[in-house]
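Keep in mind it's a predicted model, so treat the numbers as computed, not measured. Numbers restart at 1 for each chain; the letters A, B, ... are given by sequence-line order, proteins then strands.
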Amino acid sequence: MNKGGTAAQSSLFEIRTFFIHKGGIPMKYNPKAIEAKWQKHWYESGAFSAEDFSDKPKYYSLVEFPYPSGSGMHVGHIRAYTSLEIVSRKRRMEGYNVLFPIGFDAFGLPTENYAMQQKIHPRKITDENIGIFTDQLKRAGFSFDFDRTVDTTDPGYYKWTQWIFLQLFKKDLAYRSKTHVNYCPSCKVVLSNEESQGGKCDRCGETVVQKEKDVWFLKITEYADRLLEGLKDLDTLPRIKREQENWIGKSVGAEIVFPVNEADESLNVFTTRPDTLFGATFMVIAPEHPLIEKAADHIKNLDAVRQYRKDAQLKSEFERTELSKDKTGVKLEGLTAKNPLSDEDIPIFIADYVMMGYGTGAIMAVPAHDARDYEFAKTYGLSVREVIQGGDIEKEAYTDVEEGVLINSGFLNGLSVAEAIEKTIEHVVEEGIGEKAVNFKMKDWAFNRQRYWGEPIPIVHCDACGMVPVPEEDLPVELPGTDQDIRNIEPGAEGESPLASIDAFVHTTCPKCGKAARRETDTMPQWAGSSWYFLRYTDPGNDEALADYEKLQYWLPVDWYNGGMEHVTRHVIYSRFWHQFLYDIGVVPTKEPYKKRTAQGLILGPDGDKMSKSKGNVVNPMETIDFYGADTLRLYILFIGDYEQPTPWSETGVKGSRRFLERVWKLQHNVDAAHEDDKALLIELNKTIKGVDEDIENTKFNTAISKLMTFVNEALQREKISKTTFETLLRLLNPFAPHMAEELNELIGNTQSLVHAPFPTVDETLLEEEKVTIVLQVNGKVRDKVDTAKDQEKDALEQIALESERVKQFTEGKTIHKVIVVPNKLVNVVAK
RNA sequence: GCCAGCGUGGCGGAAUUGGUAGACGCGUCAGACUCAAAAUCUGAUGGGGUUCGCUCCGUGUCGGUUCGAGUCCGACCGCUGGUACCA
């Protein structure tokens, strides 16, 4: 056990016992009672219901819906939700009609694995977990509209996930193809490249192997350019944008044709550096490249070539990319290509440093100006021709594109790289041997798994008609079996879907010709249901459409979407892809789904390591709620540090937040309705309003809270404060610690809940009257400070500085060269 | 390797456009209350020196620009995240 974890249980945090008498009842801060009371009040009165088509301006705040795992809520969930919880509560107070929904992304492997282990149907487990999660969310006091909850595993929901798939299929954006896939022998599941990073299965850590399979793909690459384009209007951190851009990975260049001399074939290559074409001294093709079989008759060392290809296929993706940094390859004896510009005959190699999956699977190798080609050329003693002057190609490849000048390149000589790229493209287009080309790193989205707990893909395979979509009126294609029967979920043999062994599911009739046919047995990946859930919140019960168009029109786009940094690429891009597609077919009214995207930082364990069960440093937020209260937890989790930065959890830090709440509680006894506050306090209050307001908008929740603390400390210095000042404080506090704010608001005699009470506004005239401290420096060092009125003239400030005794002391015997005056800030006297 | 972010007290972290470095919180120390402890309240708390007036040093390292640099520029070191023979 770690220090932090046990501290919560062992070091008893004594609640300050402190009584007042109000109607003879002793009152102390008792979060348990207060929180239960207000949660009941809010949730039973529908205080957080979003109203369709209200006249108020709408605000849609969205947090990533959770996977309802058996272990319940994690502190990470609390951090992820609390930001927009604050914003949503503030928006309601500002008069907005707020949609702040929650739901459950409940399909997925952990539930299914647990189901098989415990012999309980995943439906049952899911329902139980959702129940636990909902209860926990309410105990944190989150202001979600629980009437709009969605569950991706509900047939009423996945009917529409399947419907969207059918639309994609009809537009040829969903297709089946045989390819080598990453396969996890332990999970018996096909994995995407992202799920098998480092050659290990994302879920279980088993080594991934390559397997040939029929796989469903969604043609996301067709939307690559638009996904990139749409980022321009997304309000988000530069790094969030960058990560998406990198993931899409657009590169611009040319595709150029190299004729093969001995056979009636040619090799197309993609290059971003057409300017180096004269320097292409050999070619490299991927081991899987079709040329090998097409021109097999001409290859003299076919056995060696095939052996190399076989070896390459045996290597996992991991070995190919991570381990074998040394370049290997085999020359295709008997085949040569012609460099279309230099007219030279150049050798062709197969080598596994060229990937079939990127570009054309073939490259023109320019060893003088590409580090990889250089290494390969050195290993095999191939010629290196310098075509860009500026580096030292005896030592290394010269890859600079800014400084270099073209040489040894005929009509390109003397040009800069940029000019040469343009001119080469022009030339190859004229000659008909190439064209401008764009390539994307992003690949089509592998869209299937061989597991039970997912949306069945609504396709029927008919011997006569081929792949036939299930008619829309027959949706949803429901998962077979009852929630009593768990035999159905056991994985099939050889990585087949469990559904494949359920005859009643598989055997059907073709919707087109009526003959016997088989259902598709693969299910969709977990990303499916989460790619459109935010649309469903606008109209969760609709059985005629995924959501009513007018409701979508009212609520979209999502004004602010917060979630994990880890979802910025996959989930956000996938959902943007679906959204753009739905826009194209007229189902949704906006081109892009999200206006603004933020991402919270990780909460680390008290030891500073990533929280994990194996390290035993996991903090359970519900224990904190039980011990200190939900208000303390909410406050602490935001106060802990910069919202977007990772920060370790600290048990003593939690105590500090509780202490602050105790001080606010105590402040109620200083409230006197007849009292008038001094100006200094009012100025402080208005500074606090301004600061808290701005900080919330800028996700600087930690400094917002510190400003509230500063004000409370200041207010506690007074014997009495006015009722209005206290009310204002409570309204500022309300988004953060709503239970306490509501309770105190009631205790001082108010009957209206704070949910829709106006958020305080700043009295600017008071801020004008604030005094400022002017710093007096001599040669850049602080020597004195004076308090003056705001916005004094420069001359007056200079005068004040020169009259200061301290300034005189440090300038004595020196000549004053100049005086720098920064209004409201400082005066710097430069003397020598 | 490439891209992005970060580096500030014992700790979490604050510092508009370059303008009082260390807000706020934790911890620690001292005092008050108590028989005592806890809780609470008050005060101190970057380091060195000090005649207790002050003074010098200090934001990863080195250099630069500036009246003035945590902030800007250049070079480097370290950490975190993303990505990777991407042609």
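- Nucleic acid contact class of A:Arg372 (heavy atoms, under 4.0 Å, all strands): base.
- Between A:Arg242 and B:rU83 there is no side-chain polar atom (N or O) within less than 4.0 angstrom of OP1 or OP2.
- For the OP1/OP2 pair of B:rU55 and a distance below 4.0 Å, the side-chain nitrogens and oxygens of A:Arg783 include at least one atom meeting the criterion.
- The same atom, C1', is picked in B:rG70 and in B:rA23; the two are 15 Å apart, to the nearest Å.
- Put simply, NE2 on A:His289 is 13 Å from C1' on B:rA87, counting in whole angstrom units.
- Using a 4.0 Å heavy-atom cutoff across all strands shown, A:Thr271 reaches sugar-phosphate atoms only and no base atom.
- A donor N or O paired with an acceptor N or O is found under 3.5 Å between the base of B:rC85 and the side-chain atoms of A:Lys327.
- Anti is the conformation of B:rG46, whose glycosidic angle sits further than 90° from 0.
- Taking side-chain N and O atoms only, A:Arg239 has no distance below 4.0 Å to OP1 or OP2 of B:rC3.
- Contacts of A:Pro646 with the nucleic acid, taken as non-hydrogen atoms under 4.0 Å apart, involve only primed sugar atoms and P, OP1 or OP2.
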Inset, instruction - Could you provide the dot-bracket string of RNA chain B, using ( ) for intrastrand pairs, [ ] for crossing pairs and | for bases paired to another strand, with Watson-Crick or G-U pairs below 3.5 Å? - result: (((((((..(((......[....)))((((((.......))))))((((....))))..(((((..]....))))))))))))....

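- Put simply, A:Arg806 has a side-chain N or O that comes within less than 4.0 Å of OP1 or OP2 on B:rU55.
- Applying the side-chain hydrogen bond (donor to acceptor under 3.5 Å, both in side chains) criterion to A:Tyr380, with sequence neighbours excluded, gives no partner residue.
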Using a cut-off of under 3.5 Å, enumerate the N/O to N/O pairs linking the protein to nucleotides 20-24 of chain B.
residue	atom	partner	partner atom	Å
B:rU20	O2	A:Lys785	NZ	2.7

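- If you find the closest nucleotide of RNA chain B to A:Gly656 and to A:Leu716, the one lying nearer the 5' end belongs to A:Gly656.
- Nucleotides B:rC11 and B:rU45 have their C1' atoms positioned 14 Å apart, rounded to a whole Å.
- Between B:rC57 and A:Lys781, a contact under 4.0 Å exists linking OP1 or OP2 to a side-chain N or O.
- The phosphate of B:rG13 (OP1 or OP2) has a side-chain N or O of A:Thr647 nearer than 4.0 angstrom.
- The shortest non-hydrogen separation linking A:Ile640 to A:Pro648 is CD1-O, 3.5 Å.
- Within the structure, a side-chain polar atom (N or O) of A:Ser251 is placed less than 4.0 Å from OP1 or OP2 of B:rA87.
- Both A:Pro648 and A:Met364 lie near RNA chain B, and the one whose nearest nucleotide falls closer to the 5' end is A:Pro648.
- The shortest side-chain heavy-atom distance between A:Tyr374 and A:Thr399 does not fall under the 4.5 Å cut-off.
- A:Ile689 contributes atom CD1, which lies 5.5 Å from atom CG of A:Leu732 (distance to the nearest 0.5 angstrom).
- Residue contacts for A:Asn828: at a heavy-atom cut-off of 4.0 Å it reaches a base atom on one of the strands shown.
- The CG atom of A:Asp695 sits 12 Å away from the C1' atom of B:rA15 (whole-angstrom rounding).
- Residue contacts shown for A:Asp642 are limited to sugar-phosphate atoms, with no base heavy atom under 4.0 Å away.
- The two residues A:Pro274 and A:Ile421 have their closest heavy-atom pair at CG-CG2, 3.8 Å.
- Within 6.0 Å of CD on A:Glu764 lie more than 12 heavy atoms contributed by other residues, nucleotides or ligands.
- Here, B:rG46 and B:rG13 have their C1' atoms 15 Å apart, quoted to the whole Å.
- Partners of A:Thr569 according to the side-chain hydrogen bond (donor to acceptor under 3.5 Å, both in side chains) rule, which considers only residues two or more places apart in sequence or in another chain, do not exist here.
- Checked options A:Lys690, A:Lys707, A:Lys700; the residue passing with A:Asp695 is A:Lys707 (criterion: salt bridge (Lys or Arg N to Asp or Glu O under 4.0 Å)).
- Residues passing the side chain to side chain contact (heavy atoms under 4.5 Å, CB included) test with A:Ser266 are A:Val257, A:Asn268, sequence neighbours excluded.
- Of all heavy-atom pairs between A:Asp275 and A:Ala420, the closest is CB-CB, 3.6 Å.
- Separation of the P atoms belonging to B:rC85 and B:rU17 is 40 Å when rounded to the nearest angstrom.
- Shown here are the side chain to side chain contact (heavy atoms under 4.5 Å, CB included) partners of A:Thr598, two or more places apart in sequence or in another chain: A:Trp560, A:Asn562, A:Lys596, A:Glu644, A:Thr699.
- Closest contact between the side chain of A:Gln645 and the listed nucleotides B:rA87, B:rC6, B:rC41 involves B:rC6.
- Contacts of A:Tyr643 with the nucleic acid, taken as non-hydrogen atoms under 4.0 Å apart, are absent.
- Spacing of C1' atoms, B:rG7 relative to B:rA21, comes out at 16 Å, to the nearest Å.
- Look at B:rG53: its glycosidic torsion is within 90° of 0, and that puts it in the syn range.
- Among the atoms of the strands shown, base atoms are found under 4.0 Å from some heavy atom of A:Ile820.
- Annotation: B:rC72 and B:rG18 have their P atoms spaced 8 Å apart (nearest Å).
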